[in-house]
Amino acid sequence: MSLQRLAIAPTQLQNEQVSLSASQQHYLRRVLRLQTGDRIILLNGQGQAWLAALQEGATATILEPYILQTELPLDVSLILALPKNGFDDVVRACTELGVSCMMPVISDRSLLKPSPQKLERWRRIATEAAEQSERQTIPPILEPIPFAKSLAHRPDTRSFIAVARGTWPHLLTAVAADSRPSAIQIAIGPEGGWSAAEVEMAIATGFQPVTLGSRILRAITAPIVALSLVTGVLESQQARE
Ligand code: SAM
């Protein structure tokens, strides 16, 4: 039987003892009906995991390190112009697919400026999706910033911008043809698409425009497709090595 995964904050772990929050206790004891002595996997969201045993009261004891190998071979980040609706699903699916970091941006045609509560909610969804998909890390979701500010040059990072119309190389072909960079980032536009000025600005910063295929995808479908294409290439290359 697979063991339940639970993400913990670094401050919860002291001297091999983990103090569980009220909501974590409720989830483990009342929802999952786990008992004292039952085993769980604890994740610190930064790549470390442990096998632990539930104790009486509000603690769990670390038993041994737990080795996971579920991350992509390199960092793949998404720059996401915030769509009006549906960003919860984007966060959930992209976390399951292995995204390293999500950078929400406000673009010329963005319709949404999110509240701090929304950001908290997306971070909670990413944590739950990382637990569910047995990831080692919880992808950070950064504070939303204007698109222009997200375009800073990142060394040894291959940068793509998905553009819905025009004749551009396919993302899959472009990633497969690359000698392996240290990291990949892909920018996806909002419902109304990128403005011409934004595409030009991205190209000037070193982003390569790419297509995701002949059909126009919704703003909430495009990041999931882009990430699926990239993970497919990277993991099939890795399997051949
Ligand atoms: N209203 C825009 C238009 O008519 O050109 C379409 C925007 S699309 C709904 C939202 C975003 O998803 C785009 O800005 C782009 O980043 C991405 N996208 C959707 N379909 C795409 C495709 N076939 N190729 C590349 N990017 C795509």
Side-chain angles (χ1 to χ4, degrees), residues 72 74-114 118-119 122 125-126 129 139-154 157-178 181 183-234 236:
L72 293 174
L74 53 89
D75 281 0
V76 182
S77 303
L78 289 172
I79 297 172
L80 298 162
L82 283 165
K84 190 165 177 229
N85 294 306
F87 200 63
D88 288 9
D89 292 334
V90 173
V91 169
R92 188 175 296 111
C94 291
T95 302
E96 288 173 25
L97 285 165
V99 71
S100 312
C101 176
M102 283 169 272
M103 298 177 244
V105 293
I106 315 294
S107 69
D108 289 348
R109 297 182 186 146
S110 287
L111 300 170
L112 176 76
K113 276 213 169 77
K118 275 264 160 74
L119 192 58
W122 294 332
I125 291 171
I141 304 179
L142 307 186
E143 295 276 345
I145 53 172
F147 177 57
K149 287 203 173 151
S150 74
L151 291 175
H153 174 69
R154 295 178 180 89
T157 295
R158 188 77 161 93
S159 304
F160 299 102
I161 179 165
V163 182
R165 292 174 199 274
T167 316
W168 309 108
H170 200 288
L171 175 64
L172 184 133
T173 324
V175 173
D178 271 349
I184 290 175
Q185 58 180 354
I186 310 162
I188 308 285
E191 283 91 340
W194 299 115
S195 67
E198 286 172 329
V199 175
E200 275 168 32
M201 189 168 49
I203 293 172
T205 327
F207 281 61
Q208 178 180 335
V210 284
T211 179
L212 301 175
S214 309
R215 291 148 301 281
I216 305 294
L217 306 171
R218 290 174 69 202
I220 58 171
T221 311
I224 300 168
V225 170
L227 205 54
S228 306
L229 292 169
V230 172
T231 58
V233 173
L234 296 179
S236 58

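In each ligand, atom 1 is the first atom listed, and ligand 1 is the first ligand listed.
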Could you tell me if the side chain of [Y] sits less than 4.5 Å from the side chain of [X], heavy atoms only?
X	Y	answer
Val105	Pro146	no
Val233	Leu229	no
Gln208	Trp168	no
Leu119	Glu143	yes
Leu82	Pro190	no
Met102	Ser77	no
Pro114	Trp122	yes
Asp89	Ile224	no

What protein heavy atom is closest to [atom], reported as residue, atom name and distance in Å?
atom	answer
atom 25 (C) of ligand 1	Val163 O, 3.1 Å
atom 16 (O) of ligand 1	Ala162 O, 2.6 Å
atom 14 (O) of ligand 1	Gly189 CA, 3.3 Å
atom 17 (C) of ligand 1	Ala222 CB, 3.6 Å
atom 7 (C) of ligand 1	Glu191 O, 3.4 Å
atom 10 (C) of ligand 1	Pro190 O, 3.1 Å
atom 27 (C) of ligand 1	Ala164 CA, 3.7 Å
atom 19 (C) of ligand 1	Leu217 O, 3.2 Å

Taking only heavy atoms of [X] into account, list the atoms of ligand 1 that are under 4.0 Å away from them.
X	result
Thr211	24 (N), 25 (C)
Trp194	14 (O), 16 (O)
Arg215	20 (N), 22 (C), 23 (N)
Ile188	12 (O), 16 (O)

Closest to atom 22 (C) of ligand 1 (judged by heavy-atom distance), picking from Ile161, Ile186, Leu80, Leu212
Leu212

Out of Arg165, Arg109, His170, indicate the one that has the non-hydrogen atom closest to atom 5 (O) of ligand 1.
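Among Arg165, Arg109, His170, the closest heavy atom to atom 5 (O) of ligand 1 comes from Arg165.
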
Based purely on interatomic distance, does Gly213 place a nitrogen or oxygen under 3.5 Å from a nitrogen or oxygen of ligand 1?
yes

For Arg109, does its backbone N or O pair with a side-chain atom of Trp194 as donor and acceptor, under 3.5 Å?
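No, Trp194 side chain to Arg109 backbone: no donor-acceptor pair under 3.5 Å.
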
Quick look: Val210 vs ligand 1, heavy-atom contacts under 4.0 Å, and the answer is backbone

Take every heavy atom of Leu171, measure it against each atom of ligand 1, and state whether any distance is under 4.0 Å.
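For ligand 1, residue contact (heavy atoms, under 4.0 Å) with Leu171 is absent.
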
Between Gln185 and Ser159, a side-chain donor and acceptor under 3.5 Å
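There is such a pair (donor and acceptor under 3.5 Å, judged by atom type) between the side chains of Gln185 and Ser159.
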
Distance, nearest 0.5 Å, that separates CG of Leu171 from CD1 of Ile184:
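The distance works out to 8.0 Å.
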
